[in-house]
Amino acid sequence: MSNPAVSSSSIIGHLDLDAFFAAVEQLERPELATVPLVVGGDPQGRGVVATANYEARRFGVRSAMSCAEALRRCPHAVFLRPDHARYRRVSRTVWEAVREVVPTVERTGLDEGYLQLEEVAADVREARAVGEAVQAAVRGATGLTCSLGIASTKVVAKVASDRRKPGGLVVVLPGREAAFLAPLDVRVLPGVGPRSAERLRAAGIERAGALAALDDDALTAVLPGKIGRLLRDRARGIDARRLELASENVSISQEETFARDVSDRERLHDELRGMAVRLAERLARGRQVARTVSTKLRYPDFSTRTRSTTLPVGTDDAARIGELACTLLERALAERPGALRLVGVTVSKLETAVQLTFVEP
DNA sequence: TCTGGGGTCCTCCGCCTG
DNA sequence: TCTGCAGGCGGAGGACCC
């Protein structure tokens, strides 16, 4: 199927570092390379797996699985807590090396991002050589391996980068996007999560090709609204998104899951005030103020509530944010009392802080 | 299985206003 | 003055991603 939404000159690469957190740990301690390694929370507590190395994945350990379950599946695994500061440092080195080969990149996380390849390659076939140069540059600078997908759109490049991990390089030729995606499980498409996948499966749609072939009526019945059209486009390999080279935060948040559910109001208020202080510091560092403050509550049954309020004028005052967060907490607890497993605060509607200068008359 | 933390985006509903 | 309607906005919740 040809893709009219994509210009023939568009060549996008998606780079994904293989089992990044675990790989960084293995760099420092090479003996970990041959044993199952899980980076994440406390296996005795409520943490989840952030990354597992390929040895641990052989035992069925996966990202986002609870650490307790990972321990059951692989009792002899080594469990490490994540060291984000170190991962950020290594990530910086990686992206500096990538930019030596491809100057224009969009980082979408510490361990992944898109590369604008048409600047450095005349066609998709030439882009393969550039991709190999990127992989060599990353390996040379850090010792890490990465997987690459190259295609005419972001969605196809991203799916392609995941097809031959670790260390793979998959090129999808222009015009072959839909055929490449068609036999794959709908779940590999970015945007299809557990809920959408379940709805599609209930309608007998398991492969991207079946989703791509749905007419408007059938699509509306399964996945109504914008989301349905977006996901069908993606299943067809259509994706108008270009590289975004800079973006500003829409919101900033802090939250914490307690080791044991908490019902003590003073303790909950203290947590919220502490979060408000940290959020206020981040706002001040970014010279920003926030107009909306939201409080998030999660009950032991995992049901989640948020309550928010919007101010006429933005604030970066920790006491004010903390006070609003506590008031919202009380409102939510009045509606549904009970112990909580998590509380959080989000500030949004961020604006640039205006410095007021008062002039003596 | 028993589910983190920090984000973004979308949808729906109710209220207010012209 | 009342009613109906459309649009904007705030609030809430859901789904998803890394």
Side-chain angles (χ1 to χ4, degrees), chain A residues 14-17 19-21 38-43 45-51 59-74 81-82 84 87-88 91 106-114 154-155 158-159 161-162 186-200 223-231 234 241 244 247-259 261 275 278-279 282 291-312 324 328 331-332 335-336 341-350:
Chain A
H14 182 260
L15 180 149
D16 198 343
L17 290 159
F20 179 54
F21 294 178
V38 176
V39 180
D42 177 6
R46 285 174 158 175
V48 297
V49 175
T51 311
F59 293 87
V61 177
R62 298 280 178 270
S63 294
M65 172 184 282
S66 75
C67 288
E69 174 62 16
L71 181 65
R72 269 193 291 278
R73 292 190 184 200
C74 191
R81 305 306 290 268
H84 290 283
Y87 306 151
R88 276 195 293 275
S91 174
E106 174 195 341
R107 281 180 57 180
T108 53
L110 287 180
D111 63 341
E112 68 171 276
Y114 293 96
K154 275 186 165 180
V155 64
K158 179 160 169 60
V159 173
S161 71
D162 203 39
V186 288
R187 197 65 177 81
V188 308
L189 295 169
V192 178
R195 304 280 174 165
S196 306
E198 186 45 46
R199 297 184 75 155
L200 289 166
L223 289 173
K226 228 170 164 176
I227 290 287
R229 291 192 299 278
L230 177 80
L231 295 180
R234 290 191 178 173
R241 291 174 301 163
E244 286 176 34
S247 67
E248 286 187 3
N249 275 8
V250 172
S251 64
I252 310 174
S253 63
Q254 284 246 304
E255 59 187 58
E256 180 166 341
T257 297
F258 305 121
D261 301 336
M275 290 175 190
R278 294 189 287 278
L279 290 175
R282 289 178 63 184
R291 282 186 55 218
T292 298
V293 177
S294 311
T295 297
K296 175 172 169 179
L297 302 77
R298 182 167 286 156
Y299 293 87
D301 67 359
F302 222 72
S303 63
T304 305
R305 289 184 176 217
T306 58
R307 290 291 177 269
S308 62
T309 186
T310 299
L311 303 165
L324 288 167
L328 293 166
R331 225 174 81 195
E335 291 164 21
R336 180 183 165 184
R341 64 175 289 139
L342 168 149
V343 290
V345 184
T346 299
V347 289
S348 55
K349 290 210 190 338
L350 305 183

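Convention: sequence-line order gives letters A, B, ...; per-chain numbering from 1.
- Proximity of a side-chain donor or acceptor of A:Arg73 to a complementary backbone N or O of A:Gly60 within less than 3.5 Å is detected.
- Note that the first and last nucleotides of DNA chain B, 5' to 3', having any atom under 4.0 angstrom from a heavy atom of chain A are B:dT1 to B:dT11.
- Here A:Lys349 lies in heavy-atom contact (under 4.0 Å) with sugar-phosphate atoms only.
- No side-chain heavy atom of A:Val343 sits less than 4.5 Å from a side-chain heavy atom of A:Thr295.
- A perpendicular orientation is assigned to the rings of A:His84 and A:Phe21, their planes being inclined by more than 60° (bins at 30° and 60°).
- No engagement by A:Arg199 is indicated, since no non-hydrogen atom pair under 4.0 Å with the nucleic acid exists.
- In terms of modelled atom types and a separation under 3.5 Å, the side chain of A:Ser63 and the main chain of A:Ala50 share a donor-acceptor contact.
- Contact annotation for A:Val48: base contact, defined as any heavy-atom pair under 4.0 Å involving a base atom.
- Heavy-atom distances to DNA chain B give each of A:Ala68 and A:Glu255 a nearest nucleotide, and the one nearer the 5′ end belongs to A:Ala68.
- Although no hydrogens or angles enter the test, the distance criterion places a donor-acceptor pair under 3.5 Å between the side chain of A:Arg46 and the main chain of A:Phe258.
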> Along nucleotides 11-18 of chain C, 5' to 3', which nucleotides get a B, which get an S, and which get a -, given that the test is a protein heavy-atom distance under 4.0 Å?
Replying inline: SSS-SSSS

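- Among the heavy atoms of the strands, none lies under 4.0 Å from A:Arg62.
- Contact record, A:Asp16 with A:Ser161: CB-OG, 4.2 Å, taken as the closest heavy-atom pair.
- The gap from the P atom of B:dC2 to that of C:dC18 amounts to 25 Å, rounded to the nearest Å.
- With a 4.5 Å cut-off on side-chain heavy atoms, A:Ser66 and A:Leu71 do not count as touching.
- When the local axes at the two ends of the helix from B:dG5-C:dC18 to B:dG18-C:dC5 are compared, using 5 base pairs at each end, they differ in direction by 0° after rounding to 10°.
- For A:Glu106 (side chain) and A:Tyr114 (main-chain N/O), no donor-acceptor pair under 3.5 Å exists by modelled atom type.
- No side-chain donor-acceptor contact under 3.5 Å links A:Thr257 and A:Arg341.
- Looking at heavy atoms from C-beta onward, A:Ser91 lies in side-chain contact with A:Arg107 at the 4.5 angstrom threshold.
- Using a 4.0 Å heavy-atom criterion, one finds that A:Arg282 contacts the sugar-phosphate atoms exclusively.
- A heavy-atom distance below 4.5 Å is not found between the side chains of A:Leu223 and A:Arg229.
- Checking A:Phe302 against A:Pro224, the closest nucleotide of DNA chain B that is more toward the 5' end is the one next to A:Phe302.
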